[in-house]
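This report refers to the structure that appears directly beneath it.
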Amino acid sequence: MIEIALQITLAMVTLAVVLNIYRLIKGPDAPDRILALDSLYINAIALIILLGMTLGSRMYIESALLIAVMGFVGTVALSKHLKRGSVIE
Amino acid sequence: MNSRFGLPHPVLSITLFLVWQALNNGISGASVVMGLLLAWLLPLFTRNFWPDNPHVHRPLRFMLYVIRVIWDIIVASINVALIVINPKRRPKPAFVSFPLELKHPLAISTLAGTISLTPGTVSADISDDQTLLLIHVLDVGDEMELIETIKRNYERPLGEIFK
Amino acid sequence: MSIVMEIIISVLLVTGGLFALAGAIGLARLPDFYTRLHGPTKATTLGVGGIVFSSVVFFSVSERTLGIEEILIMVFLFLTAPISANMMAKAAMHLRIDRVEGTRGNPWDQ
Amino acid sequence: MTLALVVLLPFLGAIVAPLFAQAGRTAIAIASSIPAVVALAMLYPLWGPLAEGTVLVETMPWLPTIGLSLSFRLDGLSLLFSLLILIIGLLIILYSRYYLKKHENVGKFYSLLLAFMGSMLGIVLSSNLILMLIFWEVTSLVSFLLISFWNYKQDARRGARMALAVTGGGGLALLAGVLLLGEIVGSYELDDVLAAGELIKNHALYPVTLVLILLGAFTKSAQFPFHFWLPHAMQAPTPVSAYLHSATMVKAGIFLMARLYPALAGTELWFYLVSFTGMVTLLVGAYTALFKHDLKGLLAHSTVSHLGLITLLFGMGTKLAAVAAVFHVINHATFKASLFMAAGIIDHETGTRDMRQINGLWRFMPHTATLAMVAAASMAGVPLLNGFLSKEMFFAESLELNLPGFWAYLPPIVATLAGVFSVAYSARFIHDVFFNGKPVNLPIYPPHEPPRYMKIPVEILAFACVMVGMFPAIAVGPLLDSAALATLGGALPDYHLQIIHGFNLPLMMSFAAFFGGLLMYTQRQKLYDFHDRFRDIDEKAVFEAAVSWLSERARALTDRIENGSLQRYAALLFGAAVVVALAPMLDLGLSIGDLGVSSVDLPTAIAAAILIICALGTAAMHRERLYALILLSVVGLMVALTFARFSAPDLAMTQLSVEVVTIVLLMLALYYLPSWTPLEASRFRRWRDGIIALLAGGGMFLVTLAMLTRPFESISDYFLENSVTGGGGTNVVNVILVDFRGFDTLGEITVLAIAALGIFAMLREAKLTPPSTDGQGHPWTKDVHPTMLAQISRPLLPLALMVSLFIFLRGHNLPGGGFIAGLITSVALILQYIASGMRWSHQRMPFSLRTPIGLGLLVATVTGLASLSAGYPFLTSTFTHIHWPIVGDFELASALAFDVGVYLTVVGATLTILASLGRLSMKSAAMPEDA
Amino acid sequence: MNHWLAAPILLPLLGGILQIFMSFAPLGLRRVLGLATTTLILVISLGLVLLADDGSYRIYAFGNWAPPFGIVLVLDRLSAIMVFITAFLALFCHIYSIRGTDAVGRHFHALFLFQIMGLNIAFLTGDLFNLFVAFEVLLIASYGLLMHGGGSVRSIPGLHYVVLNLVGSALFLIGVGMLYSVTGTLNMADLALAVRDVDPNDLPLVESGGMILLVVFALKAAILPLCFWLPQAYAAATAPVAALFAVMTKVGIYAIVRVYSLIFGAEGGPVANLGMDWLFPLSLLTIAMGVLGAVGADGLRKLVAWQVIISVGTLMAAISLGTAPATSAALFYLVHTTWITAGLFLVADLIARQRGTAEDRIVTAPRMRSRTLLSILFLLGTTAAAGLPPLSGFFAKVLILESVNTGVSMAWVWGVIIVGSFMTVVAFSRAGSIVFWRNVEGHVKDPGRLTLPVTVSTSVLIGMSLAIVAFAGPITEYTDAAARQLHTPSMYIEILQTPMVGEEVTQ
Amino acid sequence: MEIMFALVIGALTASGVYLILRARSFPVVVGLTMLSYAVNLFLFSTGRLATGAAPIIGHVENYTDPLPQALVLTAIVIGFAMTAFVVVLALRAHADAGDDHVDGRIDYEEPKQEETSSEEVK
Ligand code: NA
Ligand code: NA
């Protein structure tokens, strides 16, 4: 059962990723793209977790944690860049 | 406990201890020793980076608050999901200015964060003088009611937690 | 692994997936940036939370040890999602991104 | 050793002489003459045996690989030349003492003169052809420096460069010729080469070799068509002209022909090449000399003509002609050197060399005039003077040539005609200078006799002309015999040195030449008018124009090729890689190996599709820079996921952390750069780049596919087997990084450290003006540090540090390690920069950012060095398991200490890089520069 | 295992680290320590030259991991020569720099020492991927050094240099990857063994990978058509850096010699002599391009930079002949050209500093203050560089010319080298006569006297031309032996059998 | 799977190469980053593609080749250092030339003043 659930979830998250990419390409404005990227990062966490569950391996969890951290920093930096230009000052 | 080797942020220390246990997937002799050590040392090393000392008065109230927020998040997410998925539903968005009673920036940030995570609202901005909070509402009914709900459910409990 | 556990894990998984998808749909089809902001901030976060939680249960059961590392991911996401949203909203307002017609109130001009 | 010392002495003198410059001209002249005197003294005891044809050879090994030895050889020929070089050299040294002015750089002059003397001696005394070549080129170089002695004169500089180009270039041809000779003979030793004449002349490479060697000889000896450099070398001080450009250096080519005569001469090719070149040179020089109004110009062209004469003699190929050639070398050296010195005196005393101004000097300087007239008469071939004797021999030999038909008349006619011109210009030298009315506008008036000692060299040489002319057998007989013997390398022909051989055809020719010459001189004005109808070619100007043209063409062409366009260079690089790499791959084509391809699951396929779309999208959308950046982040994220998908969790984590830092970095840069790229590439350019890109991408596709579907064995089984037992860790990737290939990692953190230092240094003085608005003209917000971000980031720091510590500690056994941990720490601190600003953060940082860089490198290196104490190589690791109460078992590995070094370096370097960039935008200078 | 093998790497590393810590120490102290490090490296490298002269291969296995699993340093005559050339050059460039070059920017001494470290890794390593790392170390240090001293003239040439080398690094990794994907190993000796019996089906991958590596090395070596980054970059660098860079192209040449004699050499089985047929015509064209550039150069630095390219072409022409005598000649030439071109960069700088705004351009300018010394140095340097007797260039050239076997290639090599020499003589004499002799009245702000460090370092480097001539015999003996060693790769491969520390006892 | 992977590497390479051939420093830097992604993936894949075979001893039965992973890790770090340097250098060039064209100002190629002609000029 878990197998099937994993497959279904994987399909749904993959679809979510495709939708993120759609928004990312469509825009129309920079904040939309950043939002899409942020969303993509979060969905990537789900993908990694699902991969770990599929493989029955816990060694990918830190990768997921790292995506969370890096996605956040990336989003913040991009947003600040839009507003302020200089990210670090 | 502001001595040179004390705990500058006790709550942080507790959190760090718990986080260490989580990272090590459970409790063992080594993880406890190391966890205690890190819970003591890390805040000490980084205390310059968190100079003000927001005092959490009622940790228990805070726990309750967190549980309540989690519940609200679940509800909010379902709401948003429904709005989003229903192709006929046309949301009525609005920007709402929320007058703040909280003073401490950390408290205000916590409130703003809570609002962002809960039903149909995103904290878009905090005014420069920190008296107003701009909230974007996905699907607004009555603005005054919304403000009142937020004040009742989140701002006042937070006010008691951070005094 | 007991069937109950399997059901719990599966339900958590699928629910998580659904929320993640819902967030993405919102992102894709809502009319303006500000409304789209709600999707990822809430639904996706919760969706990923569900999947992460199912992983906690899955590994705790299958490896018979407490596997709570993933919870940190959830905590972190909940801690940071509002800030991300806040930053993006600020950027959008700064750039005077168009709002959908019928939005009440105005963004600030700080 | 004697011969080597003879060569060495002048060089030593060249080094020592300048030290006497301060002591005055007399002192330096005396000092400079010592080497020549000593050398002469050293040679004197050796003369005796040479007469019988013995040869003295000294050899010392030097560079056997190229067949070069320090071998010297003294025989009649080299003795003759050595004496010329040394004796005339001594006279020149004396003469120069009075010629040079006080303020001139006499030290340099004498030094160069002696260096020239040494290298000239080197040429004639070398017994190894490579060694000879070395001295050969040195004479060209020294000549260059001497011609340009008055280098403030444009003509001197140009003349010098032209001479260098011609003679130096000829030297290069000679080099090739000599190397070929060595290739044929298998040795560069003169003995071997001279003994191998038949082998050489029958070898397939003989024509090439001969032509190359003759090129060397002809350029040096100013043979037509390379003669033009010599007249322009007259820009040199007159002693130099007398010494180098009449008596010695220009004879080097002649010497070479004489030296290699047994090895190369005696073929038809030799005959035609050498004799015709000589003939043309003889005529051209003689004709031109008549029309030069410049005293030295006349002498220079006359020198060209006489060099042609000698060459022609060598070309004739008869033994007697060779003897005559050697004889004329002596005679020409004596009369021409004295003429040059006389010309120098006239120049010195009148301030000009223009014969249209100089007239009637007989009245002012009868002594000098007498000497000059003797020498000039010798040049004209007047009997009882030495010039007459060799010219008679020349006339005689010109009649002996067995040319077919009409051609048999050519040599005697040319010889006589040249003799006519020769008499004419000699007559001009005498009449036009010392008689012919009164001087016109002399810069120095009235002229006087020069100082007593300045005339002595001229007197000696003039005396020699007379002595040889009257008592040839006594004066030069033995010397000439031994020289001719050495030249011919066999028996001497039967010849007699006497004043008059009787009333024969050669004497008739002499008379014809003499009276024809005088007649021609009386009719000179008509000839001048005729000559003036043709424009004189100024070879210097032609040479200069040619060099300039060459230089400008070269620059234009270089600028066209090396046009400073990175795009072109990059296209060349990619093009080169694609061409050479695709060539073998095309043999393979679309190749799927034995492993075959596996099926793909949907999520992976979609991820791959996204990767491809975003990669190509980045290229397509690159002009919108922020958009490109966001697409790049997606690609980076997807690459990380790919690593995770295919069993590389360490890589996934590394890629993720690096990517964020990179994106932040790019954003920092984008702040200062335009947010749009203008459309400036032409359609053609875009197509060209597109095709290169497609070929590169296609190539990589083929390679990857071929590779992925082929089985292979790698050394990695060793790592998997020894990771735990030998490296003490279960994460094999990490064990490879910190242990098996720890040295790579040390290099890698060094790179990071250097990059940080370099960036820090580079940005310190950069002046970048931050834009005040964004690309669309929105002014930047004043909300620099948003409350929410700042508030939440602060507690995140200790949390992130804890995570990074965790990842660090487990790295040896599970995905993680120092590098990833370091990046997490850095990102956590960068978040503080973003949230609260750099100044705020740095005030709270207890150390300079570069401290961890140095510390990290130090820790890693010292950890590696620790194993040396146990006798093990650098970076040998060790680990141990420890049991503590409560804590339990844990492992202590030296590799962990090494990883601490990695961690520290990464933190320090990353933060230094970002802080250096961030600092740029801080308007206040309050920021401590080293934070 | 002889720990001294690692000294040329560890010493500059430790010295560099020390410099990082001392970035606020007085300049004098930093100079003393920096120079002490460089001097020590020179002493040790001389020791290594003597050590290697017994003809055996010595290895140093980092971490005591046996090859091919761990990374090893391999010392043979070739590496010893290269390390020595570098150390010698570095010391005098370093001495020159303390005239003040080191003070015009930050971290000069650290970057300088790291540069030496990278070069020495490259010359000593026996591992192909470690060679990549070495390249990166030396490149990043060279980027830093190139940009050292600020000013706006360096950034564009620097950008070109960096971008092209980054592409080169990417290609390097692709090449290494392709070789690994078939052979499964990275140690060069092991690779040499592995390529000999590659499955014919996999051969194109090996060939293609090998050719990509050749492109990378050719880029570093600056062989046509990959040489155009060099003139601008070298001309823009500060003098001691440009002088030190004289050895940078030699790293590319070294890599070609090493990899293409060991792995793709005559004993390389199916991949024997890979790419040499490309290299031969290209190297001759490189000479032609260098000559063209030199003849057209409008400044002394540019002129010397093109001279570097001429020397690269000459070296590669000899190397691509693939015979031991030619390789030996090339090595002799390499010693000569590295030091002499470096010395010429320094001379050009000293000249430029005395000519006011004319700098090093080949135009009329007021007289120089120290023109006697400078003209002597210029004359010696250019004579040597152009290959005129009696200086080292002539001997090097003759060695190369002699090493060519009679045939078509002989005609080409001789023709190009000799005509090239002629044009070089024309270019140098023109430049020298204008710069030194064609003066105008005028005043240049007094540049001060030549200080002892710059005079000594420049004179020594130029003077090495005479030293090479004097010791031509021993040097050719060494290069002959080195070339023979290179042409018998089977000896090199035996390093794989070297026992590790602790194993010696049991054997 | 292998075809997909090869296509990805091909696309990344093509995009990187195209961008490196642009005339402005920023796209060039982006292109270099892209190319390094391609190269890292390629080098990684020289150990072939394996699912669930991370080379952590004791966790799975078959391990993928760990060596390419270690090499790529080194390459990533070095690539990061290099990218950082080139980014900063691009900024420097922009600051010095006043333009972000990779060859400096647009008039960079224009011939310099004719003050350097031959000896003819006196
Ligand atoms: Na007259
Ligand atoms: Na030969």
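Convention: sequence-line order gives letters A, B, ...; per-chain numbering from 1.
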Side chain, backbone, both or neither: which part of Leu78(A) has an atom under 4.5 Å from a heavy atom of chain D?
both

Measure the shortest side-chain to side-chain distance between Ile834(D) and Ile88(A) over non-hydrogen atoms and say whether it is less than 4.5 angstrom.
yes

Between Thr14(A), Val13(A), Leu55(A), Asn20(A), which has the largest tally of heavy atom pairs under 4.5 Å with chain D?
Thr14(A)

Taking every non-hydrogen atom, the tightest pair across Ala77(A) and Val664(D):
CB-CG2, 4.0 Å

When only pairs under 4.5 Å are counted, which of Ser657(D), Ala640(D), Pro786(D) shares the most heavy-atom pairs with chain A?
Ser657(D)

Without placing hydrogens or testing angles, list every side-chain donor-acceptor pair under 3.5 Å for residues 62-73 of chain A, not counting sequence neighbours.
from     : atom 1 : to        : atom 2 : distance (Å)
Glu62(A) : OE1    : Arg810(D) : NH1    : 3.2
Glu62(A) : OE1    : Arg810(D) : NH2    : 2.8
Glu62(A) : OE2    : Arg810(D) : NH1    : 2.8

Can you tell which of Ile25(A), Val17(A), Leu15(A), Thr54(A) has the highest number of heavy-atom pairs within less than 4.5 Å of chain D?
Ile25(A)

Please list every donor-acceptor pair under 3.5 Å in which a side-chain atom of residues 602-619 of chain D meets a protein atom from a residue at least two apart or in another chain.
from      : atom 1 : to        : atom 2 : distance (Å)
Thr604(D) : OG1    : Asp601(D) : OD1    : 2.7
Thr604(D) : OG1    : Asp601(D) : OD2    : 2.8
Thr604(D) : OG1    : Arg645(D) : NE     : 3.1
Thr618(D) : OG1    : Cys614(D) : O      : 2.5

Search all heavy atoms of Tyr60(A) against all heavy atoms of Pro649(D) and return the closest pair with its distance.
CE2-CB, 3.9 Å

Leu668(D), Leu665(D), Ile663(D) screened by side chain to side chain contact (heavy atoms under 4.5 Å, CB included) with Val87(A), the one that passes
Leu668(D)

By a 4.5 Å heavy-atom criterion (distance strictly below it), what part of Lys83(A) contacts chain D: side chain, backbone, both, or neither?
both

Please rank Leu917(D), Leu670(D), Thr773(D) by heavy-atom pairs under 4.5 Å with chain A and give me the top one.
Leu670(D)

Using a heavy-atom distance cut-off of less than 4.5 Å, which residues of residues 39-48 of chain A contact chain D?
Leu40(A), Tyr41(A), Ala44(A), Leu47(A), Ile48(A)

So which part of Met638(D) gets closer than 4.5 Å to some heavy atom of chain A, the side chain, the backbone, both or neither?
side chain

With a 4.5 angstrom heavy-atom cut-off, could you sort out which part of Leu24(A) is near chain D: side chain, backbone, both or neither?
both

Taking all heavy atoms of Tyr671(D) and all of Ser86(A), pick out the closest pair and write down the distance.
CE2-CB, 3.3 Å

Okay, Leu50(A) and chain D: the region with an atom under 4.5 Å from a heavy atom over there is neither

Heavy-atom proximity to chain A below 4.5 Å, by part of Phe643(D)
neither

Pairs of heavy atoms under 4.5 Å with chain A: top-ranked of Gly816(D), Gly837(D), Ser675(D), Pro815(D)
Pro815(D)

Interface residues of residues 788-804 of chain D facing chain A - heavy atom cut-off under 4.5 Å:
Leu789(D), Leu796(D), Val803(D)

Side chain to side chain contact (heavy atoms under 4.5 Å, CB included) for His785(D) and Arg84(A)? Distances and angles first, verdict last.
CA-CA 10 Å; His785(D) 307 301; Arg84(A) 178 70 194 162; over 6 Å; no

What do the steps show when you test His81(A) against Leu626(D) for side chain to side chain contact (heavy atoms under 4.5 Å, CB included), and what is the final call?
CA-CA 10 Å; His81(A) 174 73; Leu626(D) 187 65; 3.8 Å; yes

